[in-house]
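First up is the structure itself, then whatever we jot down about it.
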Amino acid sequence: MALEQDIKDAQAEYDALIADMETRINAVQDSDARDLLRKRYLEFLPWSEIMKEMGYSKSHVFRLHSTAVEALKSWDIVGLANTGNV
């Protein structure tokens, strides 16, 4: 029974992390960056599949990823994660 509760607790924590990531990704203004983040961090696609689906070169995908990650970092810097403001 304790193991079942541990599993339920772990699943709840995972679900909360995914929900938080979805909220953060949805706040990213650039639609390509948002799409890339969804593919990588919510759909767990490998880089090669993301490049293929988006039709971008490896270098462009990684540049776009850097921009997208900076947008996510700015979320924390301005304190939006704590206020619910986007």
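Remember, predicted model here, so these are calculated numbers, not experimental data. When reading the values below, keep in mind they use all heavy atoms of this one structure, side chains included, and skip hydrogens, waters and symmetry mates.
- Looking at Leu36 and Tyr56, their side chains never come closer than 4.5 Å, going by heavy atoms from C-beta outward.
- The CD atom of Glu43 sits 7.5 Å away from atom CG of Asp35, with the distance rounded to the nearest 0.5 Å.
- If you chain together hydrophobic residues whose side chains sit under 4.5 Å apart, Ile50 and Val69 never meet in one group.
- Considering only residues two or more places apart in sequence or on other chains, Ser48 meets the side-chain hydrogen bond (donor to acceptor under 3.5 Å, both in side chains) condition with none of them.
- Judged as a side-chain hydrogen bond (donor to acceptor under 3.5 Å, both in side chains), and not counting sequence neighbours, Ser31 has no contacts.
- Residues satisfying the ring pair (Phe, Tyr, Trp, His ring centres under 6.0 Å) criterion with His65, sequence neighbours excluded, are Tyr41, Trp47.
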Identify all side-chain donor-acceptor contacts of residues 6-14 below 3.5 Å with residues at least two apart in sequence or on another chain.
{"from": "Asp9", "atom 1": "OD1", "to": "Gln5", "atom 2": "NE2", "distance (Å)": "2.7"}
{"from": "Gln11", "atom 1": "NE2", "to": "Asp15", "atom 2": "OD1", "distance (Å)": "2.8"}

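- Shown here are the side-chain hydrogen bond (donor to acceptor under 3.5 Å, both in side chains) partners of Asp30, two or more places apart in sequence or in another chain: there are none.
- Closest heavy-atom contact between Arg34 and Ile25: CG-O, 3.1 Å.
- Rounded to the nearest 0.5 Å, atoms NZ (Lys73) and CD (Glu70) are 4.5 Å apart.
- Every residue meeting the salt bridge (charged side-chain N to carboxylate O under 4.0 Å, His left out) condition with Glu53, not counting sequence neighbours, appears here in chain and number order: Lys39.
- For the side-chain hydrogen bond (donor to acceptor under 3.5 Å, both in side chains) test, no residue two or more places apart in sequence or in another chain qualifies with Arg40.
- Between Leu64 and Met54 the shortest heavy-atom distance is CD2-CE, 4.0 Å.
- Partners of Ala68 according to the side-chain contact (heavy atoms from CB on, under 4.5 Å) rule, which considers only residues two or more places apart in sequence or in another chain, are Ala33, Leu37.
- Pairing each heavy atom of Leu42 with each of Glu22, the nearest pair is CD1-CG, 3.5 Å.
- In this view, Lys52 and Glu49 satisfy the side-chain contact (heavy atoms from CB on, under 4.5 Å) rule, not counting sequence neighbours.
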